[in-house]
Amino acid sequence: MDRKIKVLDCTLRDGAYIVDSKFGTSAITGIIRKLQEANMDIIECGWLKDSEHIKGTTFFHMPSDIEQYLPDKKDYITYVAMIDYNRYNLDDLPENNHKSIDAIRVVFPKDHYSEGILLGKIIKEKGYKVYFQAANTLGYTDYELLKMIEMINDSEPECISIVDTFGAMYSEDLVRIISLFNNNLNKNIKLGFHSHNNLQLSFSLAIKFIETLYTSDREIIVDSSLCGMGRGAGNATTELVTNYLNRKYKYNYDINAIMDAIDMYMGPFLKNYEWGYSIPYYISGIFGAHVNNIAYLSKTHRTKTKDMRLIIETLSSEQRTRYDYDLLEETYINYQNKKVTDISVLEQLEKKFKEKKILLLAPGKSISEKKQVIMEYIDRNNPVIIGVNAVTGEYKYDYLFFNNSIRYEYAKELNYHNVSSALKIITSNIKTKGEKDELIVDYNTLIKRGWKYFDNSMIMCLRLLDKLNVSDIALAGFDGYQGNITENYMDITLQTLNTDKEQDLLNKEIKEMYQEYKTAVDNKINLHFITDSIYA
């Protein structure tokens, strides 16, 4: 099939970021088979890595590892695998025996394009076609692009692709870059485009790429993946790109075969994994920031979107394109490090709580299921009732403790009367100056580093009560994460404000922090659970 516009499906390669390459043997073979039936031009089978291949994954060590997934290889389709410019030893690459991949894609960052391009000669000498991927092409100046193109021309690869790594391009950016390539790149070298959907522009940019170059005499390649599967915000979708080419240019991709691939193989991935446009990845797009930075802040600290934007904004343009987790953690801590003098607040609370029993109501499902038991305790003991990071209409609270701005805003929106009738104890990472019914306490004095989820609200509240010299604390709703995490909260919508992928780690760390706290206060505070808890 001699098409001027070719589609490269990268599901098994870019999608490897989502599933850690563990597609499974049936899915790998089945997706390739269905893409063949769909008359796909180029199929990217996965990555070549410096580690041994594990069956059922798309991380391969040798091209021969891929043969088992190509039982019916087609001559009219090009099969490729990708290498990172500095993460694969080409000494291990054997001569092409034409039973496996036909070409190797080399991806390289801006500062190392010369090293990446030099690998092309070795790859070609071993009988493979070479495709180059210029990561974060938008990050190049015009001069740097022209210097790279000059080196590309000398190398004579099959293709060089524009890569919108951070999903930050608008159409005028793409047109400018296309012009530089098309006017300076040798005409026999194909030009490709790999997009990301951070700004929901992947498909429209793919169309712009096609329309801009269709009347030229250059062959072009558009990357896409089934359901847009790919790291972060994902890619242009194969089903949309091929349908567009069928309708606009009378191509003959078999859309039914593509739909079969989605129905038969993509369902479990769509159900169990997340990718595609989201507000955090929108932030990645507007700042040209690496998606790993966004994922780190979102997953590790459950950072509010507005705060995430402000944190990324403090990084330099160069720092945003990297994923230096130590730097990001330092930046996050500096952002959160809003020191306040809370001596008068602590004195006020200590007087209020003196010789009182304290009841902490966490948002676990048991505070609804065991309401009768909890109300009996309240009737017998007349405790000071403190809601921790959440509110329900089933109880009347004396105080509410919040260390998470999203939870605080959520509570005010949906339980206004319960929130307004209680005094609020707010940690200083949320605000440093309180309204008349808000008491601000220093966030930094209530946390201890060393755990991934160090800012657990219940543990922070317990540490605060230790500072206030209370002697009796009852706990309810501090259930722990069990089974389906969406069923752990008294309000099902609260689960969206926490992680749903690492409940075992959450349980382990919270238990460790609770046990450390319990040991430290053993002779001072009587701690007891009213409802069942895995931490007890």
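Atoms considered below: every heavy atom in the structure, side chains included; atoms not considered: hydrogens, waters and symmetry mates.
The environment of K248 atom NZ is sparse: at most 12 non-hydrogen atoms of other residues, nucleotides or ligands sit within 6.0 angstrom. Within 6.0 Å of the CG atom in N188, the count of heavy atoms belonging to other residues, nucleotides or ligands exceeds 12. Open room surrounds CZ on R87; 12 or fewer heavy atoms of other groups in view lie less than 6.0 Å from it. The local environment of CD in E318 is sparse, with at most 12 non-hydrogen atoms from other residues, nucleotides or ligands closer than 6.0 Å.
Nearest heavy atoms, Y79 versus I32: CE2-CG2, 4.3 Å. Closest heavy-atom contact between Q319 and N293: O-ND2, 4.3 Å. Of all non-hydrogen atoms in Y128 and P94, the two that sit nearest each other are OH-O, 2.9 Å. In terms of heavy atoms, N403 sits closest to S457 at OD1-CB, 3.4 Å. Contact record, A168 with D173: O-OD2, 4.2 Å, taken as the closest heavy-atom pair. Listed here is the closest heavy atom pair of S284 and H290: OG-C, 4.1 Å.
For the residue pair N252 and N246, no side-chain donor N or O sits within less than 3.5 Å of a side-chain acceptor on the partner. Residues D41 and Y253 have side chains that bring a donor and an acceptor to within less than 3.5 angstrom of each other. Residues Y281 and R231 bring no donor and acceptor atom of their side chains to less than 3.5 Å of each other. Between the side chains of R218 and N182, at least one donor N or O lies within less than 3.5 Å of an accepting N or O. No side-chain donor from either of Y251 and N39 sits under 3.5 Å from a side-chain acceptor of the other.
For the pair Q133 (side chain) and V106 (backbone), a donor-acceptor distance under 3.5 Å is absent. The backbone N or O of S216 sits less than 3.5 Å from a side-chain atom of K4, completing a donor-acceptor pair. Looking only at distances, a side-chain donor or acceptor of K124 sits under 3.5 Å from a matching main-chain atom of E156. With hydrogens and angles disregarded, no donor-acceptor distance shorter than 3.5 Å links the side chain of N184 to the backbone of F181.
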Could you give me the CA-CA distance, side-chain angles and deciding distance for E219 and R3, then say whether salt bridge (Lys or Arg N to Asp or Glu O under 4.0 Å) is met?
CA-CA 8 Å; E219 290 187 50; R3 295 171 176 148; over 6 Å; no
Going through the distances and angles, do L315 and L328 end up as a side-chain contact (heavy atoms from CB on, under 4.5 Å)?
CA-CA 9 Å; L315 301 175; L328 203 60; 4.0 Å; yes
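Ionic pairing of K190 and E158 is present here: one or more N-O contacts between side-chain nitrogen and carboxylate oxygen are shorter than 4.0 angstrom. Salt bridge status for K147 with E144: absent, with no side-chain N to carboxylate O gap under 4.0 Å. Ionic pairing of D84 and R105 is not present here: no N-O contact between side-chain nitrogen and carboxylate oxygen is shorter than 4.0 angstrom.
Under the side-chain contact (heavy atoms from CB on, under 4.5 Å) rule, Y265 has a single partner from D260, L226, T29, I31, which is I31.
Residues R322 and L327 meet the side-chain proximity criterion, which asks for heavy atoms closer than 4.5 Å.
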Distance-only check: which donor-acceptor pairs under 3.5 Å involve side-chain atoms of residues 62-74, not counting sequence neighbours?
| unit_1 | atom_1 | unit_2 | atom_2 | d |
| --- | --- | --- | --- | --- |
| D65 | OD2 | H61 | N | 2.9 |
| D65 | OD2 | M62 | N | 2.8 |
| E67 | OE2 | N97 | ND2 | 3.4 |
| Q68 | OE1 | K55 | NZ | 2.7 |
| Q68 | NE2 | D65 | O | 3.0 |
| Y69 | OH | H53 | NE2 | 2.9 |
| Y69 | OH | G56 | N | 2.9 |
| D72 | OD2 | K74 | NZ | 2.7 |
| K73 | NZ | H98 | O | 3.3 |
| K73 | NZ | S100 | O | 2.5 |
| K73 | NZ | D102 | OD1 | 3.0 |

Pair up each side-chain donor or acceptor in residues 233-240 with any protein partner under 3.5 Å, not counting sequence neighbours, and list the distances.
| unit_1 | atom_1 | unit_2 | atom_2 | d |
| --- | --- | --- | --- | --- |
| N235 | OD1 | S225 | OG | 3.3 |
| N235 | ND2 | D14 | OD2 | 3.0 |
| N235 | ND2 | H194 | NE2 | 3.3 |
| N235 | ND2 | S195 | O | 3.2 |
| N235 | ND2 | H196 | NE2 | 3.4 |
| T237 | OG1 | L240 | N | 3.4 |
| T238 | OG1 | D9 | OD2 | 2.6 |
| T238 | OG1 | S224 | OG | 2.8 |
| T238 | OG1 | S225 | N | 3.1 |
| T238 | OG1 | S225 | O | 3.4 |
| E239 | OE1 | C227 | N | 3.2 |
| E239 | OE2 | C227 | N | 3.2 |

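A centroid separation of less than 6.0 Å is found between the aromatic rings of Y249 and Y214.
The aromatic rings of F108 and Y113 sit tilted, their planes meeting at an angle between 30° and 60°. Classified by interplanar angle (parallel below 30°, tilted 30° to 60°, perpendicular above 60°), the ring pair H112/Y85 is parallel. Taking the six-membered ring for Trp and thresholds of 30 and 60 degrees, Y325 and Y296 have nearly parallel ring planes, at less than 30 degrees apart.
In this structure, CG in L12 is found 7.0 Å from SG in C45, a value given to the nearest 0.5 Å. Separating the CE atom in M513 from the OH atom in Y535 is a distance of 8.5 Å, to the nearest 0.5 Å.
Annotation: side-chain hydrogen bond (donor to acceptor under 3.5 Å, both in side chains) contacts of E150 (sequence neighbours excluded): none.
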